[in-house]
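Only one structure is covered here, and it is reproduced in the block below.
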Number of protein chains: 2
Amino acid sequence: MQDSLTIGELSVRSGVAPSALRYYERLGLIRADRTGGNQRRYARAELRRVAFIRISQQVGVSLDEIREALESLPGGRTPSPQDWERLSASWRGRLDERIRLLTKLRDDLDGCIGCGCLSLQRCTLYNPEDTLAGEGPGARLMLPRASPDGE
Amino acid sequence: MQDSLTIGELSVRSGVAPSALRYYERLGLIRADRTGGNQRRYARAELRRVAFIRISQQVGVSLDEIREALESLPGGRTPSPQDWERLSASWRGRLDERIRLLTKLRDDLDGCIGCGCLSLQRCTLYNPEDTLAGEGPGARLMLPRASPDGE
DNA sequence: CCTTGAAATGAAGTGCACTTCAACTCACAC
DNA sequence: GTGTGAGTTGAAGTGCACTTCATTTCAAGG
């Protein structure tokens with residue numbers, strides 16, 4: 001059991017494609033040493049970073065924000081469980097918020113199925129102030145949303 | 001109060017940019033009549049379609065699937081409340097599933113914050129069988145995920 | 001040594017959901 | 001009738017998260 005992993009090994013063990021790992025490195029999310037022949041060798045601690053990245057993505061965080069979070073880890077030493085705890089906890093509010101909005105949407109959808117409204121009137125389903133912003137992909141430059149009014 | 005809307009009016013009342021409305025039309029999600037001068041005029045019923053599109057997006061459905069759903073609406077007559085109810089209900093399972101996965105992620109994150117694991121070992125956070133597939137954007141062609149193993 | 005599978009690189013491509021741009025035409029109030 | 005804001009089009013651009021490709025180099029076993 002060596003103390004470093006090739007990109008192929010890290011890929012298999014993390015479930016992340018080699019191309020994605022190289023991409024993460026370009027973005028500064030993970031790092032690797034190089035062999036004399038210029039091949040990447042990952043310290044075992046990188047496995048945790050990759051795990052953190054994938055979990056964070058499920059929470060709906062962008063790679064750029066994940067990078068910022070990872071930059072707050074201590075340099076020099078291997079991050080402790082407490083370090084990871086702090087990072088994970090920082091997504092907690094976001095996760096709660098997403099769950100809350102989605103649950104609201106579900107409940108409202110129930111209500112609206114009952115009344116069959118689905119109009120833009122005052123239906124709680126269609127409230128831009130309270131929307132799942134950044135949920136999907138799509139262009140980032142959006143016109144400021146006008147408030148919808150009655151049908 | 002006229003019975004048709006210009007693209008600007010539909011945009012303001014739906015909160016969707018004109019460019020997005022044209023895009024939806026190209027994809028076959030909405031339709032418009034044309035004036036003699038080739039300008040779009042939307043029937044009021046299109047407002048409901050746009051509302052349905054935006055709500056569906058919040059549920060995490062792609063425009064392509066939304067198009068398929070909308071195609072199941074009756075042609076010829078204006079869709080009834082029951083028609084919309086049926087469509088909305090068809091997203092319900094998906095919404096439930098998303099909420100379930102996110103909630104699981106939250107609970108597991110709590111547990112893992114306690115134990116500080118965040119490894120790829122057997123942490124329930126990192127289970128590809130039970131992932132929020134299709135949550136983010138990103139390329140569609142993904143390598144089949146290898147099962148992650150212990151650190 | 002030689003072969004063979006793995007790895008390296010940069011550039012380009014993919015998919016989604018749009019937006020932006022340029023050049024032009026409409027519709028309507030005055 | 002004229003000006004002005006709103007609308008039209010196709011083509012190209014944007015942002016994110018990657019993948020694919022072609023070409024070349026490495027590493028390790030036999």
Side-chain angles (χ1 to χ4, degrees), chain A residues 2 4-12 14-30 32-42 50 53-54 56-68 132-146, chain B residues 2 4-30 32-42 50 53-54 56-68 131-146:
Chain A
Q2 329 96 270
S4 71
L5 305 168
T6 65
I7 196 169
E9 288 162 351
L10 182 57
S11 172
V12 166
S14 67
V16 174
S19 61
L21 294 174
R22 292 196 194 96
Y23 178 65
Y24 292 165
E25 185 176 333
R26 272 225 318 276
L27 299 191
L29 286 117
I30 56 177
D33 295 319
R34 297 298 182 121
T35 63
N38 199 36
Q39 293 197 355
R40 288 172 182 82
R41 288 298 180 269
Y42 296 95
V50 176
I53 293 166
R54 297 310 260 205
S56 301
Q57 284 187 309
Q58 302 210 349
V59 178
V61 182
S62 72
L63 290 183
D64 202 57
E65 287 178 293
I66 296 171
R67 184 186 46 71
E68 281 175 34
L132 288 170
E135 182 74 8
R140 293 296 137 201
L141 291 165
M142 278 187 125
L143 293 179
R145 287 285 167 73
Chain B
Q2 328 98 270
S4 70
L5 305 167
T6 65
I7 196 168
E9 287 163 350
L10 182 58
S11 173
V12 166
R13 301 184 61 161
S14 66
V16 174
S19 61
L21 293 173
R22 292 194 195 98
Y23 178 65
Y24 292 164
E25 185 176 332
R26 273 225 317 275
L27 298 190
L29 286 115
I30 57 177
D33 295 320
R34 297 297 181 122
T35 63
N38 198 36
Q39 294 197 353
R40 289 172 182 82
R41 288 298 180 269
Y42 296 94
V50 176
I53 292 166
R54 296 310 261 205
S56 301
Q57 284 187 308
Q58 304 210 346
V59 177
V61 182
S62 72
L63 289 183
D64 201 56
E65 287 178 291
I66 296 170
R67 183 187 46 72
E68 281 176 35
T131 207
L132 287 171
E135 182 72 8
R140 291 299 135 201
L141 291 166
M142 275 188 129
L143 294 180
R145 287 286 167 71

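None of the values given here were measured: they were computed from a predicted structure. Naming convention: chains lettered A, B, ... in sequence-line order (proteins, then strands); numbering from 1 in each chain.
- Between D/dC16 and A/Arg26, no contact under 4.0 Å exists linking OP1 or OP2 to a side-chain N or O.
- For the pair B/Glu25 CD and D/dT8 C1', the computed distance is 11 Å after rounding to whole Å.
- Taking the salt bridge (Lys or Arg N to Asp or Glu O under 4.0 Å) definition, one finds that B/Arg22 meets it with nothing, sequence neighbours left out.
- Rounded to whole Å, atom C1' of D/dA17 lies 12 Å from atom CD1 of A/Ile53.
- If you measure from atom CZ of B/Arg41 to atom C1' of C/dC26, you get 9 Å, rounded to the nearest angstrom.
- A/Ser19 has no side-chain polar atom (N or O) that falls below the 4.0 Å cut-off from OP1 or OP2 of D/dT20.
- Protein atom CD of B/Gln39 is 5 Å distant from nucleotide atom P of C/dA27, rounded to whole Å.
- Judged by closest nucleotide on DNA chain D, A/Leu27 is the one of A/Leu27 and A/Gly36 placed further toward the 5' end.
- Scored by the side chain to side chain contact (heavy atoms under 4.5 Å, CB included) test, A/Glu25 finds A/Ile30, A/Ala32, A/Arg34, A/Arg40, A/Tyr42 as partners (sequence neighbours excluded).
- When the side-chain nitrogen and oxygen atoms of B/Arg22 are compared with OP1 and OP2 of D/dT8, one or more of them lie within a distance under 4.0 Å.
- Distance B/Glu9 CD to D/dG7 C1': 12 Å, rounded to the nearest Å.
- OP1 or OP2 of C/dC18 lies within a sub-4.0 Å distance of a side-chain N or O belonging to B/Gln57.
- Residue B/Leu63 is the one, among B/Leu63 and B/Gly37, whose nearest nucleotide of DNA chain C lies closer to the 5' end (criterion: closest heavy atom).
- In this entry the distance linking CG of A/Leu5 with C1' of C/dA7 reads 15 Å, nearest Å.
- Phosphate proximity of D/dC26 to A/Thr35: absent, as no side-chain N or O sits under 4.0 Å from OP1 or OP2.
- Whole-Å rounding puts the A/Leu21 CG to C/dA7 P distance at 11 Å.
- Applying the 4.0 Å criterion to OP1 and OP2 of C/dC16, one finds that B/Tyr23 has every side-chain N and O outside that range.
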